[in-house]
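Input: a single structure, listed below in structure tokens.
In what follows, every heavy atom counts, from backbone to side chain, and hydrogens, waters and symmetry copies are set aside. When a ligand or atom number is given, it counts from 1 through the structure's own listing order.
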Amino acid sequence: MNVRRATADDIDAITELSRYAYGEPESESAISRKRAEFGYERSYVAEDDGRITAALRVYRFEQNIRGTWKSMGGIGDVASAPEVRRQGQIRDLFTQVMESMRKEGLVISTLWPFKNSFYAQFGYATLPPNRRLEADPSMFSQWPLPRGYRLERLPFSTGIKQYSKVHAAAVESIHGAVRRDEARWTELGIGNKDEIAIVYGPTGEPEAGMWYKAQGYGDPPDASEKPGTMRVIECYWLNPRARAALFNYIYLHSDQTVSVRIPVSPSDEDSYLWIDSFNRKAVLIRTTGTAMARIIDVVDFIRGLPASQKDRLGVRVRDRQCTWNNQTFQLECDGRLMTVSQAGNAAARTELTIEGLTALCYGALTTRELREYGWLSAHSEDDLRLLDTWFPTKCPWLKEPF
Ligand SMILES: CC(C)(COP(=O)(O)OP(=O)(O)OC[C@H]1O[C@@H](n2cnc3c(N)ncnc32)[C@H](O)[C@@H]1OP(=O)(O)O)[C@@H](O)C(=O)NCCC(=O)NCCS
């Protein structure tokens, strides 16, 4: 079996593999093909006797990690043909792809797992789940449109011009979020029939945006019909007044929809105050899936992360797949930023698995929790206090669909 980068000649085979593995309906095939045409250069394939038997794609992003931007490889479209499954083809693809990501300067990788334990074997750590609120839009009645604000509704294809401005400004302050380049917006637009709502503030500039679908109507008497739902795929605001304008817009859907589903980010600590009559109507806060993350290059990932305590510490990292990470590193902070140097086989009192180091740096777990999961061993409580001070918990929010 041979693993290699895909070429334009592989587009049909990649599309067919995805169709089968993900059970895509016939109606989606033209869109899937267009997406494959768009992103084939970022795909890797496993070839057996000249036939493509497994594939995955590396989406390239910049990810906000504690306010700094890190190059991230998002792994998606992972599939192997059923006749070759459980023979290690995806494992071999991952081994090669992790090396390629490192060469290309992608210092971290994330993915959306079908099963966490499958990707845990490749060193990926589970991040905290995303959440969404589900309520009746009439419960947003307390939000009038703020003076000087207006809202525009547009199809996705034209709305993304303004929506992308809001997105770019909002992700600057969201730990875990990604920047989208022009190509990414174009790809998200392929076959996209969703709606965009843009809130303009008193200066005429966009200050909030929502990407959503409104489906069905009201609360139909016939249970076989879909009741009206408003599914907010994404929403971002740059200030509370712009958010109020979006909530007012949601309220204005009260007659046509009975349920709105809206993402709730870790910084939305007041989400229980968004709605009225919390105790009288059904309100759900659901988890909507966990992403997983993995450091690809310890040195380049940690270098430049902000941290506050001037100090240094040697840590031994265990990484079974990315052997270049499997050594001791000297971590150092000048009171503002982290730097890292390789220390080979030097002794270190604290030992972390790559999953543990990833979860710590992403702000997902404390050192105490890492110990409980067997991802950290240490002989000095001072070392642990230092690591927790350098990398305090901070819930990451990755919402990128790939
Ligand atoms: C999931 C999928 C990609 C796995 O492909 P595969 O070719 O079987 O993967 P590999 O053989 O390289 O598996 C690597 C290891 O994981 C094991 N494994 C494979 N599928 C597994 C599963 N569903 N659960 C647990 N372990 C699994 C393999 O046995 C192998 O273990 P080993 O190295 O100890 O022998 C394949 O089943 C598939 O295409 N499924 C449908 C699409 C899908 O779900 N894609 C993933 C979306 S995130």
Is there at least one pair of N or O atoms, one from [X] and one from ligand 1, spaced under 3.5 Å apart?
{"X": "Ala21", "result": "no"}
{"X": "Trp112", "result": "no"}
{"X": "Phe122", "result": "no"}
{"X": "Val78", "result": "yes"}

Establish, from distance only, whether the side-chain atoms of [X] and [Y] form a donor-acceptor pair under 3.5 Å.
{"X": "Ser259", "Y": "Glu134", "answer": "no"}
{"X": "Tyr44", "Y": "Arg5", "answer": "yes"}
{"X": "Trp143", "Y": "Asn248", "answer": "no"}
{"X": "Ser380", "Y": "Asp382", "answer": "no"}
{"X": "Glu234", "Y": "Tyr163", "answer": "yes"}
{"X": "Asn116", "Y": "Tyr124", "answer": "no"}
{"X": "Thr95", "Y": "Gln321", "answer": "no"}
{"X": "Asp48", "Y": "Gln89", "answer": "yes"}

Return the residue, atom name and 0.1 Å-rounded distance of the protein heavy atom closest to [atom].
{"atom": "atom 1 (C) of ligand 1", "value": "Phe114 CZ, 3.4 Å"}
{"atom": "atom 11 (O) of ligand 1", "value": "Gly88 N, 2.8 Å"}
{"atom": "atom 36 (C) of ligand 1", "value": "Arg85 NE, 3.4 Å"}
{"atom": "atom 23 (N) of ligand 1", "value": "Arg86 NH2, 3.4 Å"}
{"atom": "atom 24 (N) of ligand 1", "value": "Lys115 NZ, 2.7 Å"}
{"atom": "atom 7 (O) of ligand 1", "value": "Ser80 OG, 2.9 Å"}

**Study point:** side chain to side chain contact (heavy atoms under 4.5 Å, CB included) evaluation trace for Arg316 with Thr350
**Key:** CA-CA 6 Å; Arg316 169 79 211 189; Thr350 299; over 6 Å; no
Which bit of [X] gets closer than 4.0 Å to ligand 1, counting heavy atoms only: side chain, backbone, both or neither?
{"X": "Tyr22", "value": "side chain"}
{"X": "Arg91", "value": "both"}
{"X": "Gln121", "value": "side chain"}
{"X": "Tyr119", "value": "side chain"}
{"X": "Phe118", "value": "side chain"}

Practice item. List the steps, then state whether side chain to side chain contact (heavy atoms under 4.5 Å, CB included) holds for Phe391 with Thr366. Key: CA-CA 8 Å; Phe391 307 109; Thr366 62; over 6 Å; no
[X]: numbered ligand 1 atoms lying under 4.0 Å from its heavy atoms:
{"X": "Gln87", "answer": "11 (O)"}
{"X": "Ala79", "answer": "39 (O)"}
{"X": "Ile90", "answer": "3 (C), 5 (O), 6 (P), 7 (O), 9 (O), 12 (O)"}

Review point. Would Phe61 and Phe402 satisfy ring pair (Phe, Tyr, Trp, His ring centres under 6.0 Å), going step by step from the backbone distance to the final call?
Key: CA-CA 11 Å; Phe61 294 109; Phe402 58 84; 5.6 Å; yes
Practice item. Carefully, step by step, assess Glu381 and Arg385 under the rule salt bridge (charged side-chain N to carboxylate O under 4.0 Å, His left out). Key: CA-CA 6 Å; Glu381 291 301 315; Arg385 265 192 292 278; 5.2 Å; no
Practice item. Would you check whether Phe94 reaches within less than 4.0 Å of ligand 1, judged by its heavy atoms? Key: no
Review point. Is it true that Ala54 lies under 4.0 Å from ligand 1, counting heavy atoms only?
Key: no
